[in-house]
Amino acid sequence: MVWSALIGPISMVLLWLVVSCVLFYFAKHVSIKHPTSTRLWWCALFLTVLPIIPLGIDNTAGNVPKVLLDVSSYVEQKQIKLSDTYTNSWIIETRVLLQFMLAIILGVSIYRLARLMINWYKLAKRVSVFELTQLPWTDTPCVELPTSASPFVFGLVKPKVIIPSYFKHLDLAQQQTLVYHELVHIRNNDHIAIVIWRVLSCLFWFNPFIRKMEMAFISAMECRCDQITVTTYKLNKSGYAATLLAVLKRSVESKNVTGVVYFSSEALTLDDYKSRLKNIVKPEPTQPFLLLLGLLFTSMILAALNIKAAPFLHTMDAGWHNPMRDFKISSYYGHISQFRNMKPHGGMDLVAPIGSPIVAIAKGHVLVADDTTLPERYGKVVLLQHSNGYQSLYAHLDSIDVEKGQAVKGGQHIGTLGETGRVTGPHLHLELIYKEQRLNPLAVLDLK
């Protein structure tokens with residue numbers, strides 16, 4: 001099993017979790033001074049992926065490394081002879097495990113999304129049974145349901161205001177306040193934003209900080225909606241706060257349906273409601289310039305982290321493959337012997353019968369596919385430029401089955417093992433190169 005191929009994906013997920021954690025608590029601290037800023041949480045969500053998106057990866061066309069053109073840097077190792085037939089070893093390829101892990105993650109995500117859609121469907125079916133209620137303060141469709149939940153907005157394309165059975169028992173001013181509040185949600189497309197956050201929380205269930213950000217977004221959204229409602233409709237602040245408390249008393253026992261905009265939501269904690277009431281009576285003065293400056297500074301730090309971490313995180317982005325299925329290693333990277341005049345080996349030699357198929361260790365495109373570009377001692381050579389900035393060299397081939405400039409996939413057949421060039425026996429000489437430096441192929445491959 002090529003366990004090293006799991007390092008990249010696992011490291012990427014761990015980095016995403018750590019960055020999400022740091023950004024959540026950073027944004028939570030900033031939100032104390034900016035309780036109505038929903039953009040803060042959209043920015044925090046975006047910034048969580050900034051360190052792991054491929055910003056710092058070298059995707060250039062690539063050139064033949066100078067280190068390969070240095071004749072003195074390559075000395076052949078005496079090869080062992082191997083019969084044409086030997087026992088095949090059972091190999092579990094890395095991609096199988098990765099696909100299995102991905103299938104589990106996707107399976108849970110699909111289950112959570114399906115459960116969410118079923119809840120929406122049940123609610124939509126329930127809403128369709130009841131006739132529309134016309135209210136004097138709006139032309140937006142309203143539906144009265146026999147529920148003790150707080151008023152909420154339901155629907156994406158044609159949103160409706162859902163009012164509970166106790167709505168008619170409230171005084172006229174409170175009814176008007178509740179309707180105005182839901183209308184502000186609709187105007188700001190909050191009902192759509194909530195669905196987006198809910199879907200993201202279902203898809204990325206393994207990152208608990210996405211869910212925490214969703215809850216914080218809802219808190220900011222409600223505070224903003226409170227402020228806009230009071231200002232736009234010139235409502236009495238004390239009366240508005242009293243309406244919120246009255247609804248809380250009546251709807252505290254209800255079970256809210258996730259993914260819809262409630263006047264009072266289970267997503268809000270007691271501290272959120274305290275902050276909300278405080279913001280209604282005495283709004284917190286905002287400083288958007290300082291907020292923007294802080295987010296810009298954070299973005300620069302995360303972008304720098306991306307560039308520094310890219311070579312490590314994205315070495316696995318294409319999925320690594322062993323170049324052959326059955327082989328024996330006759331010489332490791334860095335091996336020093338008198339046969340090489342005490343010079344360290346720049347790659348690994350893999351022994352197998354002539355004609356054994358050779359595959360690309362990762363996706364990329366062909367830089368060299370001949371026996372003339374590099375020194376003749378390499379024989380027939382394929383040099384691949386990978387999308388993650390790495391290069392791989394396959395020397396002493398018997399045949400070449402790709403052409404220069406051709407795009408190849410990881411695991412794609414590129415040629416056959418041979419003994420061309422200056423060799424002492426049939427084998428594959430494999431090298432891994434990054435920024436003009438030879439690397440140990442065992443850093444990404446488990447050649448066993």
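Just so you know, residue 1 is the first one in the sequence shown, and it goes up from there. Everything numeric here is computed off the predicted structure, so don't read it as measured data.
Once rounded to the nearest 0.5 Å, the distance linking NZ of K363 with NZ of K409 reads 10.5 Å. The line from OG of S150 to CG of L244 is 9.5 Å long, rounded to the nearest 0.5 Å. The CE atom of M324 sits 4.5 Å away from the CD1 atom of I358 when rounded to the nearest 0.5 Å. For the atom pair NE2 (H185) and OG1 (T229), the distance works out to 7.0 Å, reported to the nearest 0.5 Å. To the nearest 0.5 Å, the span separating CG on L384 from NE2 on H365 amounts to 9.0 Å. Atoms CD1 and CG, on I329 and L428 in that order, are 11.0 Å from each other to the nearest 0.5 Å.
Partners of Q406 according to the side chain to side chain contact (heavy atoms under 4.5 Å, CB included) rule, which considers only residues two or more places apart in sequence or in another chain, are V366, V402, E403, V408, Q412. Residues meeting the side-chain hydrogen bond (donor to acceptor under 3.5 Å, both in side chains) test with T138, sequence neighbours left out: T140. Here T133 pairs with nothing under the side-chain hydrogen bond (donor to acceptor under 3.5 Å, both in side chains) rule; sequence neighbours left out. Every residue two or more places apart in sequence or in another chain that forms a side chain to side chain contact (heavy atoms under 4.5 Å, CB included) with C223 is listed here: T36, R276, N279. Partners of T298 under the side-chain hydrogen bond (donor to acceptor under 3.5 Å, both in side chains) rule, at least two apart in sequence or in another chain, do not exist in this structure. Residues forming a side chain to side chain contact (heavy atoms under 4.5 Å, CB included) with L374 (at least two apart in sequence, or on another chain): V64, L68, L69, Y378, V381, L393. Partners of D370 according to the side chain to side chain contact (heavy atoms under 4.5 Å, CB included) rule, which considers only residues two or more places apart in sequence or in another chain, are V368, T372, T373. F217 meets the ring pair (Phe, Tyr, Trp, His ring centres under 6.0 Å) test with W42, W197; sequence neighbours excluded. Every side-chain hydrogen bond (donor to acceptor under 3.5 Å, both in side chains) that T416 has, sequence neighbours left out, goes to S399.
When atom types are taken as modelled, the side chain of H429 and the backbone of D349 share no donor-acceptor pair closer than 3.5 angstrom. In terms of modelled atom types and a separation under 3.5 Å, the side chain of N236 and the main chain of G239 share a donor-acceptor contact. Under a 3.5 Å cut-off, the side chain of S128 and the backbone N or O of K125 do form a donor-acceptor pair.
Shortest non-hydrogen contact noted between N63 and Q391 is O-NE2, 2.9 Å. Shortest non-hydrogen contact noted between A149 and Y166 is O-OH, 3.2 Å. Pairing each heavy atom of Y240 with each of C225, the nearest pair is OH-O, 4.4 Å. Nearest approach of K404 to A369, heavy atoms of both residues: N-CB, 4.1 Å. The minimum heavy-atom distance between C202 and L116, with the atom names listed, is SG-CD2, 4.1 Å. Contact record, P151 with V247: CD-CG1, 4.2 Å, taken as the closest heavy-atom pair.
Between the side chains of S392 and Y394, a donor-acceptor pair is found at a separation under 3.5 Å.
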Throw together a table of side-chain donor-acceptor distances under 3.5 angstrom for residues 15-31, partners on residues two or more places apart or in other chains.
unit_1, atom_1, unit_2, atom_2, d
W16, NE1, T48, OG1, 3.4
S20, OG, W16, O, 2.6
S20, OG, N207, ND2, 3.0
S31, OG, A27, O, 3.4
S31, OG, K28, O, 2.6

Taking only distance into account, with no hydrogens and no angle test, what donor-acceptor pairs under 3.5 Å do side-chain atoms of residues 168-176 form with protein atoms, sequence neighbours excluded?
unit_1, atom_1, unit_2, atom_2, d
D171, OD1, A173, N, 3.2
D171, OD1, Q174, N, 2.8
Q175, NE2, F167, O, 3.1
Q175, NE2, L170, O, 3.0
Q176, NE2, Y180, OH, 2.7

Compile the donor-acceptor pairs under 3.5 Å between side chains in residues 102-115 and protein atoms, sequence neighbours left out, one pair per line.
unit_1, atom_1, unit_2, atom_2, d
S109, OG, I105, O, 2.9
S109, OG, L203, O, 2.8
S109, OG, W205, NE1, 3.2

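Looking at D139 and Q134, their side chains come closer than 4.5 Å, going by heavy atoms from C-beta outward. Counting heavy atoms from C-beta outward, L156 and I192 have side chains that approach closer than 4.5 Å. Side-chain contact between W120 and V195 is present, with at least one heavy-atom pair separated by less than 4.5 Å.
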(message) As a quick check of understanding, evaluate side-chain contact (heavy atoms from CB on, under 4.5 Å) for L132 and V143, giving each step before the final call.
(response) CA-CA 5 Å; L132 298 179; V143 178; 3.5 Å; yes
(request) Just do the side-chain contact (heavy atoms from CB on, under 4.5 Å) check on L442 and Y333 with the steps written out, would you? (result) CA-CA 8 Å; L442 291 180; Y333 173 85; over 6 Å; no
(request) Apply side-chain contact (heavy atoms from CB on, under 4.5 Å) to L445 and M348, showing your working. (result) CA-CA 11 Å; L445 301 174; M348 294 187 69; over 6 Å; no
(message) Determine whether R187 and I228 satisfy the following criterion, side-chain contact (heavy atoms from CB on, under 4.5 Å), listing intermediate values before the conclusion.
(response) CA-CA 11 Å; R187 290 171 191 169; I228 294 175; over 6 Å; no
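Salt bridge annotation for R198-E214: present, with a cationic side-chain nitrogen under 4.0 angstrom from a carboxylate oxygen.
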